[in-house]
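Before any comments, here is the structure.
Numbers restart at 1 for each chain; the letters A, B, ... are given by sequence-line order, proteins then strands. Remember, predicted model here, so these are calculated numbers, not experimental data.
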Amino acid sequence: MEIKFIPIDYDSFDYKGRNYMKMVGRDEKGKRIVVIDSFEPYFWAILKEGTSEKRIKEMQKKMSKISVEGADRITWIEKTEVHEKNFLGKKVRAIKIFITNYKDAHAIADKLDFEEIEYRREYDLGMITKYIFEKGVSPLSWFKVSGELLNNSAELGGIDSSLDVSTCIKADKIEPIAKENFNPKIVAFDIEADEFELGKGEIVMVSVVGKEFKRVLTWKKAKNVPDFVQCYKDEADMLEAFSETIKELEPDILVGYFSDGFDMPYLRARADKNHVKLDLGIDGKNPLFARGKYPSARIFGPVHVDIFRFIETVYAQYLHSETLGLDEVASELLGENKLDFDHKHSSKIDDDGWAEYFKYNLQDSVLTYKLAEKLWPDMLEFSKVIQEPLFDITRAGMSQLLEHYILHNLKSYDEIAEKRPIHDEIESRRGRERVEGAFVFQPTPGLYENLAMFDFTSMHTSIIVSFNISKATLQDKNSKDSYESPEVDYQGKKEKFYFSKKVGFLPDIVKKLIEKRKEYKKEYKQNPNPLSKARSNAFKVLSAAVHGYIGFFGARYYSLESSASILAFVRKYNKEIIDKVSAHGYNVAYADTDSVAFTLNNHSKKEVLELLKRLNDELPGIMELELEDFYVRGIWVTKRTGELGAKKKYALLGENGKLKIRGFETVRRDWCALSRELQDEVLEKILREGKPDNALKKVQDVLEKLKKRKIDKEKLIIKSQLRKPIEEYKAISPHVTIAKRMHELGMPIDVGGLIGFYISEPQSHSRKSLIRDRAKLPEEPGEYDIEYYLEHQIIPAVENIFQVFGIKKEDLLGKKQKSLMEF
DNA sequence: GAGCTCTTCTTACC
DNA sequence: ACTGGTAAGAAGAGCTC
């Protein structure tokens with residue numbers, strides 16, 4: 001039979017010691033189907049140069065006798081082929097070694113101790129990656145599958161009977177076809193439990209939300225429950241009903257928010273405790289938890305996506321939210337919030353309370369559903385572009401995403417993949433000295449008028465392409481046809497590095513990445529829609545990560561020489577632009593890495609654009625400088641200590657009236673709201689008005705209120721993140737002290753959580769206590785310490801700004817406030 | 001225990 | 001441990017006298 005098929009998730013299984021792939025997806029009518037495919041796993045033995053044909057034949061013969069024996073299978077080398085390939089850009093002869101079971105690839109590779117083998121490669125790729133690479137069956141693209149319909153067949157050990165799906169096909173042939181569009185069925189879920197600690201309390205409810213489906217499953221009896229609530233006998237009964245509900249809805253994606261870290265492991269723990277199965281997939285298995293930063297909960301059938309993890313790696317840097325909690329993220333991306341609800345143990349909830357609780361729980365799933373719907377184009381594009389399944393791309397870090405993109409693109413270069421670094425290699429890479437980074441211009445504090453800013457587009461990446469920089473193109477010494485890096489301090493020596501002019505596979509892959517990014521950006525601008533935006537964004541995010549990847553200790557294509565060279569070029573071109581802009585009669589105010597800001601003096605905008613064109617004409621390769629914007633005013637301030645201008649701290653007023661504030665306390669979440677709001681207002685007034693008069697009045701007004709204790713305590717809460725387990729801290733700062741106290745009080749705190757506190761008045765007047773001893777939880781009774789907030793929050797936030805106008809701290813405080821301190 | 005520098009820590013920028 | 005380096009700044013740690 002023949003069928004159109006879009007694969008969504010992949011899983012391997014063994015039959016008689018051999019590997020098969022089972023893929024779950026949809027046919028063109030939207031029916032869920034499973035396609036089974038065989039494949040011939042292999043890895044490479046790269047031969048030393050000059051190995052004789054005779055010797056190769058001998059080795060092949062010996063290889064045909066190699067096998068390893070495991071607990072439940074024997075794996076052997078089935079056949080070998082000799083190929084001309086490339087490895088790190090060099091032509092090599094390599095033996096392609098086909099084995100009967102890929103799980104034993106490492107063990108077989110270890111047995112190949114022939115002297116003529118220089119490297120053994122590609123036994124460390126994931127099985128699914130290997131399958132997709134070899135067969136070209138990429139996720140979320142359409143294929144024509146011809147094969148045999150398995151119907152309670154004994155074939156492959158009766159695999160089709162073990163799967164809860166009506167159509168299961170054993171493929172003979174899988175060919176790509178052009179067919180766009182796929183709308184997945186998304187179902188979101190969220191649980192509420194009596195205890196925060198995984199599995200400790202009972203799960204009191206589970207909400208499930210689909211396109212036209214809203215339900216809360218519970219076993220708690222309450223009066224006047226909303227009609228979306230379905231009540232069950234007990235927790236076990238509810239858990240089974242949850243599995244049933246998911247099966248009936250048959251989603252492609254089962255999505256949660258932080259569900260790898262909370263909902264799934266909790267459900268699993270409670271299911272075990274109640275001796276019921278958490279049967280969410282089509283293979284009758286409990287969710288599997290893979291190791292990692294968070295355990296990844298995997299089910300087969302629907303893909304379990306923890307949308308929080310995808311947001312964390314791909315979106316966090318573009319979001320303004322201070323935490324990545326559901327409430328803030330939904331508020332920013334959807335303009336909707338969680339419902340207010342005061343969490344209580346279920347024994348203390350009355351009928352009205354339950355009704356609220358159910359609504360709250362449902363809303364969490366509604367938000368999660370909407371987030372998944374909104375981010376679907378992004379997930380789809382990432383999966384298609386990187387050619388890895390949804391399950392993986394929603395959980396992978398940036399380096400893994402890029403690495404898989406590279407790996408799947410090696411095919412057209414006939415490249416054998418480099419190996420992943422092993423333990424010792426990682427240790428030595430991590431222990432190495434840092435290479436010198438970018439240049440940051442030392443600004444002169446002051447108020448500037450009439451500015452422009454230029455910046456390089458994807459500077460690091462365009463340098464990699466323009467100078468062909470990579471591990472494989474690095475030359476031993478200066479050869480005639482090579483690019484020369486600027487001189488760098490490298491491991492205690494001054495050095496230059498040389499990169500071949502023959503285009504390397506990695507710079508070429510990156511070049512295409514940038515080209516696609518441009519193409520899709522253009523496409524998006526011509527026809528703005530979520531899909532083209534997502535596609536453009538996927539390429540943007542990937543191309544931005546290339547330099548970081550090359551310097552990352554875990555990378556297959558790690559190259560410190562490359563990283564040092566890229567950064568040397570970054571410094572060189574930034575400084576060159578600064579010099580050229582100055583030489584043309586502009587006054588450079590600031591520069592950081594890939595940007596330069598300058599005042600126009602008497603030049604027109606037209607002249608600025610002409611200068612930009614000239615600068616671009618002088619740039620090599622694909623390097624490109626663009627106009628960031630024109631600005632009406634800008635302010636740079638001194639550092640807190642000393643006279644020097646502070647770097648990475650400035651505020652600009654755009655011609656469109658928008659403020660661009662960088663580095664100031666107002667953009668830092670570890671300052672209290674009062675300081676941040678006041679500083680924001682001060683900057684805005686000064687930039688709009690060009691003088692500090694009204695801003696000064698505002699400050700004095702706030703100081704007056706603070707002095708009279710008329711400021712709401714809420715505005716004085718300082719928040720700081722707990723970034724590691726409490727016991728690992730050497731310095732016990734206020735937020736660590738508070739975290740300890742919260743822990744003692746049995747409040748839910750976890751690594752990554754934001755700890756809020758305020759500073760209260762000192763107990764005794766004589767003894768100067770540590771600040772941490774005066775830190776109190778927001779809800780703890782007490783008076784805030786006026787002097788602390790004055791001296792440590794308000795004044796520091798505005799002092800340096802007014803200093804630009806010669807206004808001193810005393811002028812801010814006025815005479816009356818001065819006497820307060822004596823008092 | 002005051003006054004100083006150094007270290008640790010968080011959060012920003014690009 | 002899960003992209004890189006540069007930087008500001010608060011508060012504690014640790015030292016001297």
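Counting any heavy atom pair closer than 4.0 Å across all strands shown, A:R662 reaches sugar-phosphate atoms only and no base atom. If you check every strand for non-hydrogen atoms under 4.0 Å, A:Y729 touches sugar and phosphate atoms only. Among the atoms of the strands shown, only primed sugar atoms or phosphate atoms (P, OP1, OP2) are found under 4.0 Å from some heavy atom of A:G551. Using a 4.0 Å heavy-atom cutoff across all strands shown, A:V435 reaches sugar-phosphate atoms only and no base atom. No engagement by A:H460 is indicated, since no non-hydrogen atom pair under 4.0 Å with the nucleic acid exists. Within the nucleic acid shown, A:K724 comes within 4.0 Å of sugar-phosphate atoms alone, with no base atom in reach, counting heavy atoms only.
Close to B:dT8, at under 4.0 Å from its OP1 or OP2, lies a side-chain N or O of A:K730. OP1 or OP2 of C:dC2 has not a single side-chain nitrogen or oxygen of A:Y558 nearer than 4.0 Å. Taking side-chain N and O atoms only, A:K647 has no distance below 4.0 Å to OP1 or OP2 of B:dC14. Residue A:Y590 places no side-chain N or O under 4.0 Å from the OP1 or OP2 atom of C:dA7. At C:dA10, none of the side-chain N or O atoms of A:Y788 fall inside 4.0 Å of OP1 or OP2 (strictly under the cut-off). Note on A:T593: every side-chain N or O is 4.0 Å or more away from OP1 and OP2 of B:dC14. The phosphate of B:dT10 (OP1 or OP2) has a side-chain N or O of A:H735 nearer than 4.0 angstrom. In terms of phosphate contacts, A:K719 brings no side-chain nitrogen or oxygen within less than 4.0 Å of OP1 or OP2 of B:dT10. Between C:dA8 and A:K639, a contact under 4.0 Å exists linking OP1 or OP2 to a side-chain N or O. Between A:R772 and the phosphate of C:dA11, there is no side-chain N or O to OP1/OP2 separation shorter than 4.0 Å. OP1 or OP2 of C:dG5 has at least one side-chain nitrogen or oxygen of A:R432 nearer than 4.0 Å. The phosphate of C:dA8 has neither OP1 nor OP2 within less than 4.0 Å of any side-chain N or O from A:R640.
Between A:F598 and A:F454, the distance from one ring center to the other falls under 6.0 angstrom. For A:F258 and A:F308, the distance between ring centers is under 6.0 angstrom. Remark: aromatic rings of A:Y590 and A:Y448 are distant, center separation not under 6.0 Å. Aromatic ring centres of A:Y405 and A:Y549 lie farther apart than the 6.0 Å criterion allows.
Separating the NZ atom of A:K648 from the P atom of B:dT11 is a distance of 18 Å, rounded to the nearest angstrom. One atom, CD1 of A:I566, and another, C1' of C:dG4, lie 10 Å apart when rounded to the nearest Å. Taking atom CD1 on A:I738 and atom P on B:dT10, their separation rounds to 15 Å, with Å as the unit. The interatomic distance linking A:L754 (CG) with B:dT11 (P) rounds to 7 Å, in whole Å. Straight-line distance from the NZ atom of A:K649 to the P atom of B:dC14: 14 Å, rounded to whole Å. If you measure from atom CZ of A:R774 to atom C1' of C:dA11, you get 12 Å, rounded to the nearest angstrom. As rounded to whole Å, 8 Å separates atom P of C:dG5 from atom CG of A:L567. Rounded to whole angstrom, the span from the CD1 atom of A:I550 across to the P atom of C:dG4 amounts to 13 Å.
Donor-acceptor pairing under 3.5 Å, judged by distance alone, is absent between the side chain of A:R669 and the base of B:dT10. No donor-acceptor contact under 3.5 Å links the side chain of A:R723 to the base of B:dT10.
Both A:A438 and A:G548 lie close to DNA chain C; mapped to their nearest nucleotides by heavy-atom distance, the more 5′-ward contact belongs to A:G548. Both A:F553 and A:Q442 lie close to DNA chain C; mapped to their nearest nucleotides by heavy-atom distance, the more 5′-ward contact belongs to A:F553.
Which of B:dC14, C:dA13, C:dT6 sits closest to the side chain of A:R434 comes down to C:dT6. Taking every side-chain heavy atom of A:A731 into account, C:dG12 is the closest of C:dG12, B:dC14, B:dT11. Considering only the side chain of A:D670, B:dT11 comes nearest among B:dT11, B:dC9, B:dC13. Comparing C:dA8, C:dC2, C:dA11 by their closest approach to the side chain of A:A646 singles out C:dA8. Closest to the A:W671 side chain, of the nucleotides B:dT8, C:dC2, C:dA10, is C:dA10. Among the nucleotides C:dT6, C:dG9, C:dT3, the one closest to the side chain of A:E436 is C:dT6. The side chain of A:R430 has C:dA1 as its nearest neighbour among B:dT10, C:dT6, C:dA1. With B:dT10, C:dA11, B:dC13 as the candidates, the nucleotide lying closest to the side chain of A:P734 is C:dA11. Distances from the side chain of A:D592 to the nucleotides C:dG9, B:dC14, C:dT3 place B:dC14 closest.
Taking CG of A:L625 as the start and CD of A:E576 as the end, the distance is 11.5 Å to the nearest 0.5 Å. Put simply, CG on A:L402 and OH on A:Y557 are 11.5 Å apart, with the number rounded to the nearest 0.5 Å. A:I661 contributes atom CD1, which lies 4.5 Å from atom CG of A:D680 (distance to the nearest 0.5 angstrom).
A cation-pi contact, defined as under 6.0 Å to the ring centre and within 45° of the axis, links A:K575 to A:F439.
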